[in-house]
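For reference, the structure discussed in these notes is given below.
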Amino acid sequence: MKIYLLIFVLGFFFGKNQVATFRFPESQTTPSPVEPQDQVLYVLPRSDRQAVLLRNITSSFDEMIILWMPDSPEHIEKNKEVHFYVNATIVDEVKSKLKESAITYTILVENTQSLIDQQTYNDTSGQRSTTSYYEQYHALEDMTGKEKTATHAIWIDCGIHAREWVSPAFCLWFVGHAVGFYGTDEYMTNLLKYIDFYILPVMNVDGYQYTWTTNRMWRKNRSKHPNSECYGTDLNRNFDAGWCGPGASRNPCHDTYCGPYPESEPEVAAVANFIRQHKDTIKGYITMHSYSQMVLFPYSYTKEKSKDHDELLRLANKVADGIRVKNRSRYASGAGADTIYLAPGGSDDWVYDLGIKYSFTIELRDKGTYGFLLPPNLIKPTCSEALTGIKIISAHIVKNI
Ligand code: DDK
Ligand code: ZN
């Protein structure tokens, strides 16, 4: 089995400079004019004799001459352009050799070092919210964000449950919206200045695939269990939060099977490890499910109230109100255990107990008319209202960090 932990980091993260200005650090790194620079020379060999000479010259100075065109000295031919990069220390020597042989050359690039400086110079790193970010070259660490992760982020995952198809549809839609409407959707544009999003479009990849190929109503992942003919663990019962208490099953044949032990499933272990490693950065956790139209928060493994119950309830109510006003859909709100049912081992409760206060489960459309078989024409209104909700949660988080 393969786990694809596909994370889009929408890293438009906050920096002190809002606008990147473009300037060259000429004085810092460029050698003074008297110091010779590497040069790129251009020669058009006019005869076979000249071609042979050029072949010899370009192959004799190991590392000091780098042939740009053609790809190797053997390919140098009469009447075909030759471009080669000459180290500063031998520029004069090479030029006089060419002159001796009556080969005319022109200098293609005189200021190589300045050009290199321009290309490796970034005004600031991580300023992806500015257009000029995309008009600079970026080192690998810069592109991948290696340990340059945002200071504040919100995690959204979709597709914990295989048959809840509108959930992955939402994650894709969210990424498309965040990228495509960046600059147009003012609210989103602003939000992305302050916060990064980690998006996991499909946590339960194997189960999701199985719903496309074999059984549309499959919920769990597809792991095999010893001593049982049945497949699959409910990933939303496998997190280490009240694991396998009332509301989960120890029977591998059941849809709410909690697995042999907490985080036994690779999908859960991968997500839990990532979130543990980023728990100081991740300020909000939102997991998308369907169906029943609800905004849920901890706890679901116990009927007891969490210590942030009042704040989370107010925020969940605000989300439901916002969706009702803007999108005219009705969402219920409340702690999981009172609002839907006892459901231990869930991701939201685990994340909450890890110390990430703003932890929500959103149950998307509908209320049972189509259930898991929500027709494609309802993807758009479902995603719009979910986005309304996520904007409200995000704004609250930004205000409170
Ligand atoms: O896992 C479930 O049964 C539903 C989503 Se379909 C959510 C239950 C409440 C949140 C549990 N963490
Ligand atoms: Zn679900």
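As the structure is a prediction and not an experimental result, all values here were calculated from the model. Counting starts at 1 for both ligands and their atoms, in listed order.
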Specify whether Phe274 and Trp155 have parallel, tilted or perpendicular ring planes, treating 30° as the upper limit for parallel and 60° as the lower limit for perpendicular. tilted
Between Ala337, Ala241, Ala343, which one has a non-hydrogen atom sitting closest to atom 8 (C) of ligand 1? Ala343
Measure the shortest side-chain to side-chain distance between Val319 and Ser333 over non-hydrogen atoms and say whether it is less than 4.5 angstrom. no
Do any N/O atoms on Asp348 end up under 3.5 angstrom from N/O atoms on ligand 1? yes
Identify the closest protein heavy atom to atom 10 (C) of ligand 1: which residue and atom is it, and at what distance? Ser300 OG, 3.4 Å
Apex the Zn ion (ligand 2) - arms OE2 from Glu164 and ND1 from His289 - angle rounded to 10°: 150°
Within a distance under 4.0 Å of any heavy atom of Thr361, pick out the atoms of ligand 1 and give their elements. 10 (C)
State the atoms of ligand 1, each with its element, that fall below the 4.0 Å cut-off from a heavy-atom position in Gly346. 12 (N)
Using a strict cut-off of less than 4.0 Å between a Lys/Arg side-chain nitrogen and an Asp/Glu carboxylate oxygen, indicate whether Asp321 and Arg324 qualify as a salt bridge. yes
Please state which protein non-hydrogen atom is closest to atom 6 (Se) of ligand 1 and give its distance, to 0.1 Å? Glu164 OE2, 3.2 Å
Establish, from distance only, whether the side-chain atoms of Asp206 and Tyr231 form a donor-acceptor pair under 3.5 Å. no
Return the residue, atom name and 0.1 Å-rounded distance of the protein heavy atom closest to atom 5 (C) of ligand 1. Glu363 OE2, 3.2 Å
How far is atom 3 (O) of ligand 1 from its nearest protein heavy atom, and which residue and atom name does that atom have? Tyr341 OH, 2.7 Å
Once the angle between the rings of Tyr299 and Tyr301 is folded into 0 to 90°, is it parallel (under 30°), tilted (30 to 60°) or perpendicular (over 60°)? tilted
Verdict with supporting geometry, Phe372 and His161, ring pair (Phe, Tyr, Trp, His ring centres under 6.0 Å): CA-CA 11 Å; Phe372 301 119; His161 290 137; 8.8 Å; no
Report yes or no: does a heavy atom of Asp349 sit under 4.0 Å from some atom of ligand 1? no
Going by distance only, is there an N or O of Ser290 that falls short of 3.5 Å from an N or O of ligand 1? no
Inter-residue atom distance Arg365.CZ - Tyr291.OH, 0.5 Å rounding: 15.0 Å
Identity of the N, O or S atom of His161 lying closest to the Zn ion (ligand 2): ND1
Specify the protein heavy atom at minimum distance from atom 1 (O) of ligand 1: its residue, its atom name, and the distance to 0.1 Å. Asn236 ND2, 2.7 Å
Can you see whether Ser249 engages Asn251 through a side-chain donor-acceptor pair at a distance of less than 3.5 angstrom? no
Check each atom of ligand 1 against the heavy atoms of His161 and keep those under 4.0 Å away; list them by number with element. 1 (O), 2 (C), 6 (Se)
Check each heavy atom of Arg219 against ligand 1 and say whether those closer than 4.0 Å belong to the side chain, the backbone, both or neither. side chain
